[in-house]
Amino acid sequence: MTSPELESATNADLVILGGGSGGYACAFRAAELGLSVVLVEKDKLGGTCLHRGCIPTKALLHAAEVADNAREGDQFGVKSSLEGIDIAGVNSYKDGVISRLYKGLQGLAKANKVTFVEGAGTFVGPNTVEVGGRRYVGKNVVLATGSYARSLPGLEIGGRVITSDQALNLDFIPEKVVVLGGGVIGVEFASVWRSFGADVTIVEALPRLVPAEDEYASKQLERAFRKRGIKFKTGVKFTGATQTDSGVSVTLENGDVLDADLLLVAVGRGPNSAGHGYEEAGVKIDRGFVVTDERLRTNLPNVFAVGDIVPGLQLAHRGFQQGIFVAEEIAGQNPKVIDEAGIPRVTYCKPEVASVGLSEAAAKEKYGQDVKVFIYDLAGNGKSQILKTAGGVKLVKAPDGPVVGITMVGERVGELIGEAQLIYSWEAFPEDVAPLIHAHPTQTEALGEAFLALAGKPLHVHG
């Protein structure tokens, strides 16, 4: 006789816990490959990236760019002025973008015949996810529960102390704001709020802004932020925050006290691995992250993990590619292992920072002190001068080897990262790239000029 528990079970080739970038990419690719898929998500398909991360922040950043363009029209001979920011209108625009993309994802789930289960899932092992008393049994299981906005010990989120989750839905623009954390999230929000007219101070415990990037990028960004009037304190630790009805006071280790309307806590994101049954089911966890091998297999047979819960870069496109990789792995296609260093990284503040491969410091650690470095200044690039943006392209080349790192700073340089990724991934030598023709006038020419110079034939290089 069959037990009621087994009667309520649904069997599939693949059960995925989490419908963010990694989870839904895995589901769609697996369905394309003919596998039956159950996708479990407690919130909305698309996860943090679509609803509380990448997409809404970039919508705000574009609105900020429009505000700057209106304010700075005189530079280009255009008589324009900024009357103000209609934050309700900005939020309506942002939410409209999210809504259209969300509907598109829902349509793709139906088209791919993915069984979507809405509800909080628990991995009960060895190959089963339970949702609301019903069990979904997969020949394979993928854990893809993403990440959450971290805080610091003793710093409670609430009131005037917020994370990016609350910052995305503010119905007002703060006059004065302190941003705790000078990484990607911190500098992006600082950039938005400054463009909207706020007085912004960033506090970063490490010695420089965007500390995960090449030091060149940090120096360029800090110079640009000074010109924009964005204040920052680096190499100093936060010690506490006190709220009142009218504001928040932030104290630092050096004795400084910063008063503001809001404190944005942007100290990174933590793996969302607790409360889903992972450890109870025997999944190996290290500091909250799910431990996998290079093929994204956990210590349990036929159980994989993708995205922000796997140690490494917490980027939506990394999770997306990992999801595709796992689907193809399960389908027996033996996909190529993802090179973590080859994942492009973009910070969308003004100016943008984009990089792929190794920083100069990481390259020297790997290849020794004889790595070759070249920096091309955007002052020599016509399109960059038209845009009135400063910055540059930094190339890092292995001794007697290919280019192993590319870092770019300047407005719109995030759009150049595709070519940079190909150069890195194909282990191109400067001589391989130098003959390629870059359309004029474009910012892609900055990459071309940098490679011409590194190949020994500099043209538009000053100094």
Side-chain angles (χ1 to χ4, degrees), residues 58 61-82 187-188 190-192 194-195 209-210 213-230 344-356 360 373-396 403 405-423 430 433-463:
K58 277 54 186 182
L61 282 154
H62 182 64
E65 182 184 357
V66 173
D68 287 331
N69 288 341
R71 187 187 289 114
E72 298 163 2
D74 279 356
Q75 293 185 44
F76 307 95
V78 176
K79 295 295 182 184
S80 63
S81 61
L82 181 65
V187 298
E188 287 186 351
S191 192
V192 168
R194 183 59 184 152
S195 295
L209 297 182
V210 288
E213 293 289 347
D214 192 285
E215 191 170 350
Y216 166 76
S218 297
K219 287 179 178 176
Q220 291 288 317
L221 185 62
E222 288 170 5
R223 182 182 303 164
F225 272 19
R226 283 190 195 99
K227 286 183 178 177
R228 293 186 60 195
I230 297 173
R345 309 171 289 271
V346 184
T347 304
Y348 296 88
C349 51
K350 179 184 177 180
E352 292 182 350
V353 176
S355 63
V356 66
E360 180 181 348
V373 173
F374 178 77
I375 296 173
Y376 175 78
D377 196 298
L378 291 186
N381 178 254
K383 187 60 180 284
S384 295
Q385 291 309 299
I386 290 167
L387 295 172
K388 286 187 174 286
T389 184
V393 175
K394 179 175 181 178
L395 306 180
V396 180
V403 169
I406 301 171
T407 296
M408 300 176 285
V409 182
E411 290 187 46
R412 305 189 186 182
V413 296
E415 302 301 327
L416 310 184
I417 200 65
E419 181 181 358
Q421 183 190 19
L422 290 176
I423 290 166
V433 182
L436 300 180
I437 299 169
H438 293 81
H440 178 73
T442 63
Q443 284 186 296
T444 64
E445 288 179 287
L447 268 175
E449 292 281 355
F451 277 93
L452 277 169
L454 203 53
K457 37 188 175 181
L459 292 183
H460 295 96
V461 177
H462 302 272

* Asked: To the nearest 0.5 Å, how far apart are NZ in Lys394 and CD in Glu213?
  ->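 If I round to the nearest 0.5 Å, the distance is 11.0 Å.
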
* Go through the steps to decide whether Lys350 and Glu65 satisfy the test side-chain contact (heavy atoms from CB on, under 4.5 Å), and finish with yes or no. => CA-CA 8 Å; Lys350 179 184 177 180; Glu65 182 184 357; over 6 Å; no

Closest approach of [X] and [Y], non-hydrogen atoms and distance?
{"X": "Asp74", "Y": "Lys79", "value": "OD1-CD, 3.8 Å"}
{"X": "Tyr216", "Y": "Val393", "value": "OH-N, 4.1 Å"}
{"X": "Leu459", "Y": "Glu449", "value": "CB-OE1, 3.7 Å"}
{"X": "Ala224", "Y": "Pro351", "value": "CB-CD, 3.3 Å"}
{"X": "Ala434", "Y": "Lys457", "value": "CB-CE, 3.9 Å"}

So do the side chains of [X] and [Y] get within less than 4.5 Å of each other, counting heavy atoms only?
{"X": "Phe225", "Y": "Cys349", "value": "yes"}
{"X": "Val409", "Y": "Arg223", "value": "no"}
{"X": "Phe451", "Y": "Ile406", "value": "yes"}
{"X": "Ser191", "Y": "Leu61", "value": "yes"}

For the backbone of [Y] and the side chain of [X], can you confirm whether one donor and one acceptor N or O come within less than 3.5 Å of each other?
{"X": "Ser80", "Y": "Ala70", "value": "yes"}
{"X": "Glu445", "Y": "Thr442", "value": "yes"}
{"X": "Arg194", "Y": "Arg228", "value": "yes"}
{"X": "Arg71", "Y": "Ser195", "value": "yes"}

* To do: Walk me through it: do Gln443 and Leu387 pass the test side-chain contact (heavy atoms from CB on, under 4.5 Å)?
  => CA-CA 10 Å; Gln443 284 186 296; Leu387 295 172; 3.8 Å; yes

* Should the pair Lys388-Glu411 be classified as a salt bridge under the 4.0 Å nitrogen-to-oxygen rule? -> no

* Is the shortest side-chain N to carboxylate O distance from Glu415 to Lys383 below 4.0 Å? ->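 Between Lys383 and Glu415 there is no salt bridge, as every charged N stays at least 4.0 Å from the carboxylate O atoms.
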
* Start with the C-alpha distance between Asn381 and Tyr376, add both sets of side-chain angles, then the distance that settles side-chain contact (heavy atoms from CB on, under 4.5 Å), and finish with yes or no. => CA-CA 9 Å; Asn381 178 254; Tyr376 175 78; 4.2 Å; yes

* Under the side chain to side chain donor-acceptor pair (under 3.5 Å) test, residues paired with Glu352 that sit two or more places apart ->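 Per chain and number, Glu352 pairs via side chain to side chain donor-acceptor pair (under 3.5 Å) with no residue.
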
* If you draw a 6.0 Å radius around CZ in Arg412, do more than 12 non-hydrogen atoms from other residues or ligands fall strictly inside? -> no

